[in-house]
Structure formats: structure tokens, C-alpha cells
There are 2 protein chains.
Amino acid sequence: MGDKTTCDHIVEAADQLFYRQGYEHTSFSDIADAVQISRGNFYYHFKTKDEILDAVIDLRIGNTQKMLERWESEEEHPEDRIKRYIHILLTNWSKIKYFGCPVGTLCTELAKLNHTSQEEASKVFTLFRTWLRQQFILLGHKKDADALAMHVLAWSQGVATLASTFHDKKFVRKEVKQMCEWLKSYSNPLILGFRFEFCKNLTKMEF
Amino acid sequence: MGDKTTCDHIVEAADQLFYRQGYEHTSFSDIADAVQISRGNFYYHFKTKDEILDAVIDLRIGNTQKMLERWESEEEHPEDRIKRYIHILLTNWSKIKYFGCPVGTLCTELAKLNHTSQEEASKVFTLFRTWLRQQFILLGHKKDADALAMHVLAWSQGVATLASTFHDKKFVRKEVKQMCEWLKSYSNPLILGFRFEFCKNLTKMEF
DNA sequence: GCAGGCGTAGGATGATCGTCCTACAATAAG
DNA sequence: CTTATTGTAGGACGATCATCCTACGCCTGC
């Protein structure tokens with residue numbers, strides 16, 4: 001309660017419902033019930049459902065920015081920061097288990113609806129992408145930073161998707177561990193360069 | 001045409017529409033228009049929308065099985081077979097670009113709808129999983145075969161999700177290349193074991 | 001005490017949805 | 001030719017949806 005407006009409550013309830021039920025499958029009535037507000041009164045706050053969606057996306061963008069800034073201040077080492085991102089898969093397990101990643105699933109749904117706000121929704125991804133890229137740059141991977149960022153994004157997306165279909169926490173734990181090990185191998189570019197060249201030669205060997 | 005029944009046409013049209021628009025966003029009218037059939041006549045073939053969904057899932061299961069058997073016969077080496085799977089991301093690029101992976105996106109949607117057929121839909125994933133596992137077993141990774149299969153699934157899923165949000169073919173090509181290189185490192189377990197131990201020691205070194 | 005704006009309640013509206021019914025065409029069997 | 005089966009067409013149905021309207025309560029400033 002406190003200083004939160006009805007408008008805020010609507011957007012927050014919609015945020016949760018869009019995540020749990022999907023955008024299209026969530027009706028005005030659903031949101032109204034959640035906020036304990038008259039259904040018809042929505043028109044005063046939001047003229048269309050799309051407007052609510054845009055507000056939800058803006059909320060998510062804001063929350064993501066705040067979270068990344070927090071991580072920036074709480075973690076000293078870029079590797080630990082990226083680890084923090086990877087570990088969302090475990091810290092948010094109880095939700096991901098059923099509904100997957102809120103960012104990925106919304107983008108996927110909007111793509112199928114051919115919705116106008118597709119691009120706006122993808123900005124949440126871009127936030128993570130830019131942030132991850134910056135961390136990899138700090139780790140000394142200036143040239144590959146963006147590719148590495150996209151790789152982390154893709155990996156975590158895939159794990160989230162399979163997590164919500166198989167509900168298998170062991171699998172998620174295993175993948176998170178692997179991701180952290182992979183990340184470790186990138187946290188010192190010098191050793192990596194050496195190792196990579198060495199291993200390449202090894203795999204080239206034929207029996 | 002030929003020997004295909006109206007029922008087959010309905011299921012095939014529904015299959016495509018569910019992929020492109022999503023299950024919920026596809027109405028009876030949409031399918032009817034696609035098949036050029038009267039809307040009300042659906043009741044004769046399928047009593048409910050859920051029945052069409054189940055038929056579509058069965059169709060997908062059948063098609064996937066056929067495809068995997070074909071791959072099994074056309075490719076000699078397990079590594080090439082897995083490569084064939086990985087390369088779906090490129091061969092189906094024109095669709096994945098807009099609609100993502102048909103398997104993953106359907107499972108995601110049904111999860112949000114809390115639909116009865118969730119488990120049935122996940123069987124398509126399980127088909128790939130079992131098949132991939134078998135290939136890894138053939139490559140000599142008996143113990144880790146399932147984890148490796150899940151890893152390939154997750155990786156490709158993540159790439160598909162980001163592909164449909166960013167529409168970036170270069171990214172997909174890069175990831176496919178990486179996946180193939182990663183796969184190569186697993187195609188001979190002896191060399192891998194050696195390399196892995198060696199690299200582990202390397203990364204343990206501190207500056 | 002009164003006027004006016006802000007926020008709310010609850011229902012009307014038209015469209016669309018899944019579902020279902022009934023009448024009709026077409027083909028095959030008697 | 002008649003009959004029955006199989007498939008089709010088109011519309012009716014109740015429900016639900018996003019949207020919109022109007023009437024009402026509450027608070028503030030005069």
C-alpha cells in the first residue's frame with residue numbers, strides 16, 4: 001500500500017498474470033479480480049489492453065535496470081556478476097519451473113501474435129545483453145564480448161525452456177554448474193588463449 | 001491431395017497455424033479458412049479444440065519419429081546425425097526467425113494455459129532427447145549421454161528463442177558453428193578425457 | 001454548505017469464441 | 001428407384017472478451 005497508486009497495482013498484477021498465464025490468456029477481469037477493482041473502471045487508467053502491456057514492459061525494463069545496477073554495486077568481480085545472472089535459474093526456480101523465463105516467453109508470445117510491442121519487449125533482453133557484454137569486456141574479451149553475452153543469454157533461455165517442460169531441478173543445477181565452469185574458463189583471457197590453441201591442436205589429431 | 005482425407009488437411013493446417021499463431025490465438029475459423037471448409041462442420045471431425053491439439057501433437061510425434069529414422073539411415077556417424085539436428089536451426093531459419101522452435105513454443109504456451117496436453121506435447125522433446133542420448137552412447141558417452149542430450153536440446157532451444165526475438169542469422173550461424181565444435185570435442189571420448197583433465201589443471205592455476 | 005474534479009462501480013455493446021444442431025448433397029447398397 | 005450412410009454447409013447458442021458509457025461517492029477549495 002503506502003504510496004503506491006491504483007495504477008501501479010494494476011501494472012504489477014498484470015505483470016504477474018502475463019507471466020503466469022500469458023498476455024492473451026489474461027483478461028481484464030483477471031487483472032480486475034487480482035487488484036480488487038471494478039472491471040469497467042479500467043478504461044479510466046488504461047484505454048486498451050495494449051497500453052497495459054506497454055506499461056508492464058516499462059515496469060520490467062525499470063526493474064531489470066535497477067537489478068543490474070544493484071548487481072554492479074554488490075559484486076566486485078565481473079565473473080561474480082555474470083554468475084549472479086546465471087544463478088537466477090536457481091533463485092527463481094519455483095516460478096521458472098512452471099512458467100519459464102518471463103522475458104523469453106513474452107517475446108515468444110508477442111512474436112506469434114505479431115504484436116506491435118515485440119520490439120519493446122525485446123528491450124529487456126537487450127538490457128541483459130548490453131550488461132553482460134560490458135562484463136565480458138571487463139574480463140578482457142573486447143572483441144567477442146557481444147557474442148559471449150548472446151551465448152550466455154541463449155544458454156540460460158534454453159535451460160529455462162526445458163526446465164518448464166521437464167520440471168527437473170537436477171538438470172538445471174547441472175547446467176548452471178556447467179555454465180559457471182564455462183564462464184570460469186573465460187575469466188582469464190590469457191590462460192584461455194593458450195588453452196584453446198592447445199586443445200584445438202589436440203582435437204585435430206586423428207587416430 | 002491424392003489419398004489425404006479432410007481430417008488430415010485439418011490437422012496439417014492446424015499444425016501450421018498453431019506454430020505460426022499459437023494454439024490459443026488460432027480459432028476454428030482460422031483453420032476452416034485455411035482448409036476451405038465450413039466452420040460448423042468441424043464438430044463432425046473433432047468434437048473440441050483440444051481434440052485437434054492432440055491430433056496435431058500426434059502428427060508432430062509421428063513426423064519427428066519418421067525424421068529421426070531417416071537421419072538414422074542417411075547418416076553413418078553419430079556425430080553427423082547430431083550435426084543434422086543442430087543444423088535444423090539453419091535449414092528451418094526462415095520459419096524459426098519469426099516463430100521460434102515449434103516444439104519449445106508449444107510446450108511453453110501449454111504450460112501457461114495449464115493445459116491437459118502439456119505432457120503429451122513434451123513427448124516430442126523426449127523423442128529428440130532419447131534419440132540424441134542414443135547417439136551420444138554410440139559416441140562412447142554412456143554415463144553422460146542423457147545430460148549431453150539435454151544440453152544439446154537446451155542449447156538449440158535457447159538459440160531458437162533468441163533467433164526469433166533478434167532475427168539475427170549471423171548469431172545463429174555462430175552458435176551452430178560453436179555447437180558443432182563442441183560436439184566434435186565429444187566425438188572421441190579418449191582424447192576428450194585427457195584434454196579435460198589437462199585443462200582443469202590449467203584453470204586451477206592462479207596468478 | 002456547495003461546486004467540481006477525481007476515481008470508482010456496474011452494466012451495455014458488439015464482436016468473437018467454442019460448441020452444437022439441423023438441413024442438405026453425394027455416394028453406395030438394396 | 002429407394003434407402004442409408006457419410007460428409008458438408010450454415011447458422012443458432014451461450015459464454016466471454018475488450019471496450020465504452022453513465023451514474024455515483026468522495027474529497028478539496030471556496
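First the proteins, then the strands, lettered A, B, ... as listed; each starts at 1.
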Enquirer: Quick one: side chain to side chain contact (heavy atoms under 4.5 Å, CB included) partners of A/Glu69, sequence neighbours excluded?
Expert: none
Enquirer: Can you name the side chain to side chain donor-acceptor pair (under 3.5 Å) partners of B/Tyr85, sequence neighbours left out?
Expert: B/Ser156
Enquirer: Dot-bracket for DNA chain C, please. Rules: Watson-Crick or G-U, both distances under 3.5 Å, ( ) within the strand, [ ] when a pair crosses earlier ones, | for another strand, . otherwise.
Expert: ||.||.||||||||||||||||||||||||
Enquirer: Going by atom types alone, do A/Glu175 and A/Trp155 pair a side-chain donor with an acceptor below 3.5 Å?
Expert: yes
Enquirer: Starting at CZ of A/Arg39 and ending at C1' of C/dA12, how long is that distance when rounded to a whole Å?
Expert: 10 Å
Enquirer: What residues in residues 105-121 of chain B put a non-hydrogen atom under 4.0 Å from any atom of DNA chain C?
Expert: none
Enquirer: What nitrogen or oxygen pairs link the protein and nucleotides 3-7 of chain C at under 3.5 Å?
Expert:
unit_1: C/dG7; atom_1: OP2; unit_2: A/Tyr44; atom_2: OH; d: 2.4

Enquirer: What salt bridge (charged side-chain N to carboxylate O under 4.0 Å, His left out) pairs are there with at least one residue in residues 30-51 of chain A, not counting sequence neighbours?
Expert: none
Enquirer: I'd like to know if the side chain of A/Arg60 reaches the main chain of A/Asp15, judged simply by a donor and an acceptor atom lying under 3.5 Å from each other, with no hydrogens or angles considered.
Expert: yes
Enquirer: Determine which pairs satisfy salt bridge (charged side-chain N to carboxylate O under 4.0 Å, His left out) with at least one residue from residues 129-154 of chain B, sequence neighbours left out, and list them in order.
Expert: B/Arg129-B/Asp146, B/Arg133-B/Asp146
Enquirer: Can you sort out the partners of A/Trp71 under ring-ring contact (aromatic ring centres under 6.0 Å, His included), two or more places apart, ordered by chain and number?
Expert: A/Trp131
Enquirer: Which nucleotide of DNA chain D is the first, and which the last, in the 5' to 3' direction, to come under 4.0 Å of a heavy atom belonging to chain B?
Expert: D/dT6 to D/dA12
Enquirer: Taking the side chain as every heavy atom from C-beta outward, state whether A/Glu24 and B/Glu109 have any pair of such atoms under 4.5 Å apart.
Expert: no
Enquirer: Which residue pairs satisfy the ring-ring contact (aromatic ring centres under 6.0 Å, His included) criterion with at least one member in residues 45-70 of chain B, sequence neighbours excluded?
Expert: none
Enquirer: Quick check: do B/Glu74 and B/Arg84 have side-chain heavy atoms less than 4.5 Å from each other?
Expert: yes
Enquirer: List in numerical order all residues of residues 18-28 of chain B for which some heavy atom is under 4.0 Å away from an atom belonging to DNA chain C.
Expert: B/Thr26, B/Ser27, B/Phe28
Enquirer: Strictly by modelled atom types, are A/Lys112 and B/Thr105 linked by a side-chain donor-acceptor pair under 3.5 Å?
Expert: yes
Enquirer: What is the distance from CD1 of B/Ile52 to P of C/dC17, rounded to the nearest Å?
Expert: 14 Å
Enquirer: So do A/Ile61 and A/Gln65 actually touch side chain to side chain, heavy atoms under 4.5 Å?
Expert: yes
Enquirer: Measure the shortest side-chain to side-chain distance between B/Ile10 and B/Ile31 over non-hydrogen atoms and say whether it is less than 4.5 angstrom.
Expert: yes
Enquirer: Any chance you could measure B/Asp54, atom CG, to B/Leu59, atom CG, to the nearest 0.5 Å?
Expert: 12.5 Å
Enquirer: Give every residue pair that meets the ring-ring contact (aromatic ring centres under 6.0 Å, His included) criterion with at least one member in residues 16-37 of chain A, sequence neighbours excluded.
Expert: A/Phe18-A/Tyr23, A/Tyr19-A/Phe99, A/Tyr23-A/His115, A/Phe28-A/Phe42
